[in-house]
Amino acid sequence: MADAQGWIERDIATVWHGFTQMAAYAGNRPVIVERAEGRELIDVEGRRYLDAISSLWVTTLGHHVPELDAALRDQLDRVAHSTLLGNGNRTVIELAEALAPRVPVDRPRFLFASDGAAAVEQALKIAFQFWTNQGVEGRTTYLAFGGAYHGDSIGSLAVGDGGFGTDVFDPLRFPVLRCPTLGEPGAVDRAVELIAQHADRLAAVVLEPLVQGAAGMALHDPAAVVAVAEAARAHDVLLVHDEVATGFGRTGTLFATEQCPGVAPDLVVIGKGITGGYLPMAATVASERVWEAFLGDDLSERTFYHGHSYSGNALAAAVALRHLELLDEWDVLANVEARADQLGARLAEQVEPLGAVAEVRRRGLMTGIELAPPADGLRWGRRVSAACVERGVLIRPLGDVIVLMPMLTSTAEEIDRIVATVAEAIEEVAAAEPTP
Ligand SMILES: *Cc1c(COP(=O)(O)O)cnc(C)c1O
């Protein structure tokens, strides 16, 4: 069984895919990847797909990058993994040192995890214990935002705002204060008011700066982040920035927080692009002030009793370290700026004017194209994506929002191809709709 259909049958016989209805999986013509070159994935029948979603927002430079492959092989000749619980690893130290001057946190300390959700969970627990360690009582909840997504573990679900079929878990979510998404009129004032009113109950404010990715690329201005950060500081509430999606260049700067003048979060969560999309790694980055609140006697209750088996995996650290160097060596952020401008221009010419498009939202290379289907239940997002995949461009939608997340090293030709393909696919699906 070497053909795609054979592999799909083997797939459904043993593999359970996340965020995927397995009864419909095979019918949605999944791509079964065998290998990759650059920004293209190659399936089991040799068909090529331009990966326009960076493999769900993780891949930055490309697939099968010789320099990253070599870093991984070199580390393999030393050690694959050694625990960070009570002991250290040379490559992890080197990575933390390299990241330290680049993250938007004062004198940062890195607590590594394997996934974004786990690193968010760490941030929530650190923020909570930061207060109890100082004898402050009652700081037991968080301010979170409408449309927020922070991952799928129970704690990260609780600060997240539901949707995507996760409402079934509502009984498991712990209560948080919820402010409307910051892009909405009046939301910034509301956030500032909630922080002022409830500071003595709040361990932290948890925010995705500038772009709420999973909300379909909901945008807000740097000024909104600045206002929330100032209120948090004024009322002594910790500020947590979830940069899992926005980090590592997607919005045009290495971190979105850099675009928000004077904002210095107490905790920043990073993940997704940290290893260039190679290996599962994430981190909770704590400021010196937060870190100091955990110092005390050996085995004392001020210790952070939390840790994951694969925290600070050396293979992932080696790739992450080389990735950070390549971002500089290849001047990747300059390419992001040029490609983002081009992407914006092409979308304005070819996609925004389409009648089937309600709105295009973009910051840097993070893009959401909101479709305007004439009725509910038409699955336009799914169908437009399928039409793109048929044309060799891999897309995965969020409901009726077509998400474009081109890699940071994309060429001008690839950006043109992605936009032209999406425009064609939207027109095809809209044209197939019987006029009401
Ligand atoms: C993807 C994402 C997460 C969760 O990361 P995982 O590695 O999928 O657990 C958390 N926060 C944001 C903003 C994300 O986009």
Side-chain angles (χ1 to χ4, degrees), residues 17-20 53-60 103-104 111-127 142 144-166 169 173 176 181-183 204-220 225 239-251 255-257 260 265 267-285 308-313 316 319-320 361 363-368 396-399 401 403-405:
H17 295 258
F19 279 108
T20 302
I53 48 168
S54 295
S55 281
L56 241 299
W57 320 357
V58 299
T59 316
T60 56
V103 292
L111 182 65
F112 289 97
S114 307
D115 295 283
V120 167
E121 206 82 20
Q122 293 182 156
L124 298 178
K125 289 174 73 178
I126 290 170
Y142 305 86
F145 292 87
Y149 176 79
H150 298 289
D152 295 322
S153 59
I154 304 289
S156 57
L157 265 183
V159 282
D161 187 31
F164 317 107
T166 69
F169 300 117
R173 290 184 150 102
V176 302
T181 181
L182 281 175
V205 180
V206 184
L207 172 74
E208 294 158 87
L210 302 189
V211 186
Q212 291 181 310
M217 308 303 143
L219 306 179
H220 52 262
V225 180
L239 178 64
V240 179
H241 274 193
D242 179 349
E243 291 239 30
V244 173
T246 50
F248 296 96
R250 296 278 176 213
T251 68
F255 294 98
T257 305
C260 311
L267 290 152
V268 172
V269 185
I270 58 180
K272 288 200 169 100
I274 186 171
T275 63
Y278 264 52
L279 287 156
M281 176 178 252
T284 312
V285 190
H308 293 287
S309 306
Y310 281 100
S311 170
N313 176 264
V319 175
R361 297 181 286 269
R363 186 172 286 275
L365 288 173
M366 299 179 80
T367 308
R396 180 175 163 88
L398 283 163
V401 177
V403 173
L404 303 183
M405 194 79 66

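What's counted below: heavy atoms across the whole structure, side chains too, no hydrogens, waters or symmetry copies. Read the numbers this way: they start at 1 and go in the same order the structure lists the ligands and their atoms.
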**Asked** Short question: side chain of Q212, backbone of G146 - any donor-acceptor pair under 3.5 Å?
**Response** yes
**Asked** Ignoring hydrogens and geometry, is there a side-chain-to-backbone donor-acceptor pair from R361 to G216 under 3.5 Å?
**Response** yes
With heavy atoms of [X] as the reference, note each atom of ligand 1 found under 4.0 Å away.
| X | answer |
| --- | --- |
| A117 | 4 (C), 5 (O), 6 (P), 9 (O) |
| A245 | 15 (O) |
| G151 | 4 (C), 10 (C) |

Of all the non-hydrogen atoms in the protein, which one sits nearest to [atom], and at what distance?
| atom | value |
| --- | --- |
| atom 5 (O) of ligand 1 | G116 CA, 3.2 Å |
| atom 11 (N) of ligand 1 | D242 OD2, 2.7 Å |
| atom 2 (C) of ligand 1 | K272 NZ, 2.6 Å |

**Request:** Indicate whether the side chain of R173 and that of T166 have a donor and an acceptor atom separated by less than 3.5 Å.
**Result:** yes
**Request:** Apply side chain to side chain donor-acceptor pair (under 3.5 Å) to Y142 and list each qualifying residue two or more places apart in sequence or on a separate chain.
**Result:** none
Check residues 274-283 and write down every donor-acceptor pair under 3.5 Å in which the side-chain atom is one partner and the other belongs to a residue at least two apart or another chain.
unit_1, atom_1, unit_2, atom_2, d
T275, OG1, Y278, N, 3.2
T275, OG1, L279, N, 3.0
T275, OG1, L279, O, 2.8
Y278, OH, H64, N, 3.4
Y278, OH, V65, N, 2.7
Y278, OH, V65, O, 3.3
Y278, OH, D69, OD1, 2.5

**Asked** If you measure from each non-hydrogen atom of D115 to ligand 1, which part falls under 4.0 Å: side chain, backbone, both or neither?
**Response** both
**Asked** Does Q212 approach ligand 1 within less than 4.0 angstrom via side chain, backbone, both or neither, non-hydrogen atoms only?
**Response** neither
**Item:** Minimum heavy-atom distance between T246 and A256, given as atom pair plus value
**Value:** CB-CB, 3.9 Å
